[in-house]
Amino acid sequence: MKHPLASAAIVLGLMLAGCAGPSSMPRVSGAWARPAEQGMNSAVYLHLENGSRPDALLDAASNAAAQVQLHRTEIDSEGKARMQAQDRIELAPQEPLVFEPGGYHIMLMGLAWPLLPGDSIELTLRFEKAGEIHVTVPVQTD
Amino acid sequence: MVCWRMKITRFSALLLGILLCASCSPAAAKLHGNPYQDPAPAPDFTLPATNGSTFTLSDQRGQVVLLYFGYTFCPDICPATLGELRTVLQDAGFDAGRVQVVMITVDPARDSLPVLSEYLAHFGTQFLGVRGEQPQLDPILAAYGVYAAVDPESDPEHYLVTHTARVFVIDPAGRLVTNYSFDTPLEDIRLDLETLLQGAS
């Protein structure tokens, strides 16, 4: 391992792996939506991992709801919960962003039909650089 | 002399300890969340409920009441909180039948009793909804120190209500003993329910 050529080979290997590994596209995993009645509101939660370049999540769309907004619930020291619409969410390269209850969520307002456990809905996330990413989101209880 | 004086001091400390323990109930000392120092009877109210009855809080003696102020159009924190309570009651090592979850709507304009009922059906039969018109609701909010107001920045058609997201815990003796903020570990809530229900039986 002390051999300079061996070290160089390892470094080169790591660099190549680095090039092949992370794509420039954001990755979405673990998406789910909460069950709710028609006309009511629901939320989608997911794990997002940004690609290799800086990007921003601009908005989301789904035919399952009249309106879809990026939101963040903020709870202050007195326990007051307020939801704030997010115009854009900045993403550093490879930065993970977790959408989870009590934090970031994709809010579905005015559901077009009831969301029942076992169903799924289609969601489109729009990024500034990566463009649109389509996600099939299962409906389930948490 | 020194030794004798130490003995007196130790005895006083012991006596003081006994007196302190006697003055507070053992259950209150062990509770999680934000326990009230000197638990008083929970502020009472009577409101129409989703099961067709009239719900009076002070009639619920003998069971634990978990009281939550929320609204059905709330997409995140309300269903997340109620979902957590459902989880606690499902894996209960205590008599979950003696726990009543009550959600008071802070949005009576949109939450009729049928809407509340349909919403709470997602969580289980132990989840009861109650509703009062705004003049009935306001003094209850004040008594529990709960904030609830329409967010003026939200879309008027799908308005949001900023509100205190805590679960208030009323023990089988009808006292308001603690409250849980959203980040309270479920294990803490489970332990508290065991403690409160053991103490009462």
Side-chain angles (χ1 to χ4, degrees), chain A residues 32-46 59-60 62 64-87 98-112 114-119 121 123 137 139-142, chain B residues 33-34 68-87 90 106-107 110-111 114-124 144-168 179-184 186:
Chain A
W32 62 281
R34 199 186 290 285
E37 303 297 326
Q38 183 175 0
M40 304 296 285
N41 300 340
S42 178
V44 174
Y45 304 99
L46 49 82
D59 56 38
S62 174
Q67 269 189 52
V68 181
Q69 290 181 354
L70 304 177
H71 269 249
R72 185 181 193 180
T73 299
E74 283 161 6
I75 304 172
D76 70 11
S77 58
E78 289 163 12
K80 217 187 286 174
R82 176 164 189 258
M83 280 184 289
Q84 290 218 272
Q86 310 284 305
D87 288 338
V98 181
F99 287 73
E100 62 185 349
Y104 283 111
H105 54 279
I106 297 156
M107 180 151 152
L108 308 174
M109 303 164 97
L111 292 174
L115 300 191
L116 304 172
D119 291 355
I121 59 165
L123 181 78
V137 182
V139 178
Q140 62 186 58
T141 51
D142 44 346
Chain B
N34 307 292
Y68 185 70
F69 295 80
Y71 66 112
T72 67
F73 281 78
C74 168
D76 182 49
I77 200 86
C78 303
T81 303
L82 296 173
E84 287 191 343
L85 295 181
R86 173 184 51 202
T87 303
Q90 273 170 352
V106 294
D107 185 17
R110 284 186 298 191
D111 285 345
V115 167
L116 260 177
S117 179
E118 202 170 40
Y119 176 81
L120 290 170
H122 287 288
F123 299 99
Y144 284 87
V146 168
Y147 175 91
V150 172
D151 183 345
E153 287 175 34
S154 61
D155 174 3
E157 204 189 328
H158 302 281
Y159 64 83
L160 301 171
V161 183
T162 298
H163 64 98
T164 302
R166 286 184 196 275
V167 175
F168 293 89
N179 70 64
Y180 303 125
S181 51
F182 180 67
D183 56 3
T184 305
L186 298 195

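Here is how names work: the chains are called A, B, and so on, in the same order as the sequence lines, proteins then strands, and each is numbered from 1.
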Measuring from [X]:[atom1] to [Y]:[atom2], what's the distance to the nearest 0.5 Å?
X        : Y         : atom1 : atom2 : answer
Glu74(A) : Thr162(B) : CD    : OG1   : 10.5 Å
Glu37(A) : His122(B) : CD    : NE2   : 4.0 Å
Cys74(B) : Met83(A)  : SG    : CE    : 5.5 Å

Under a 4.5 Å heavy-atom cutoff, which of Ala81(A), Gly110(A), Ser42(A), Ala43(A) has the most pairs with chain B? Ala81(A)
Side chain, backbone, both or neither: which part of [X] has a heavy atom under 4.5 Å from chain B?
X         : value
Glu100(A) : backbone
Arg82(A)  : both
Ala85(A)  : neither
Met107(A) : side chain

Least distance between heavy atoms, [X] atom then [Y] atom:
X         : Y         : value
Pro79(B)  : Arg34(A)  : CB-CD, 3.2 Å
Arg166(B) : Gly79(A)  : NH2-N, 3.6 Å
Ile75(A)  : Phe182(B) : CD1-CB, 3.8 Å

Side chain, backbone, both or neither of [X] within contact of chain A (heavy atoms, under 4.5 Å):
X         : result
Phe69(B)  : neither
Tyr147(B) : side chain
Asp183(B) : neither
Val115(B) : side chain

Heavy atoms, side chains only, cut-off 4.5 Å: are Met40(A) and Thr72(B) in contact? yes
Heavy-atom check, side chain of Asp76(B) versus side chain of Pro101(A), under 4.5 Å: yes
Before you tell me yes or no, could you show the steps for Glu78(A) and Thr164(B) under side chain to side chain contact (heavy atoms under 4.5 Å, CB included), namely the whole-Å CA-CA distance, both residues' side-chain angles and the distance that decides it to 0.1 Å? CA-CA 8 Å; Glu78(A) 289 163 12; Thr164(B) 302; over 6 Å; no
Tell me which of these, Arg110(B), Glu157(B), His163(B), Arg86(B), has more heavy-atom pairs under 4.5 Å with chain A than the rest. His163(B)
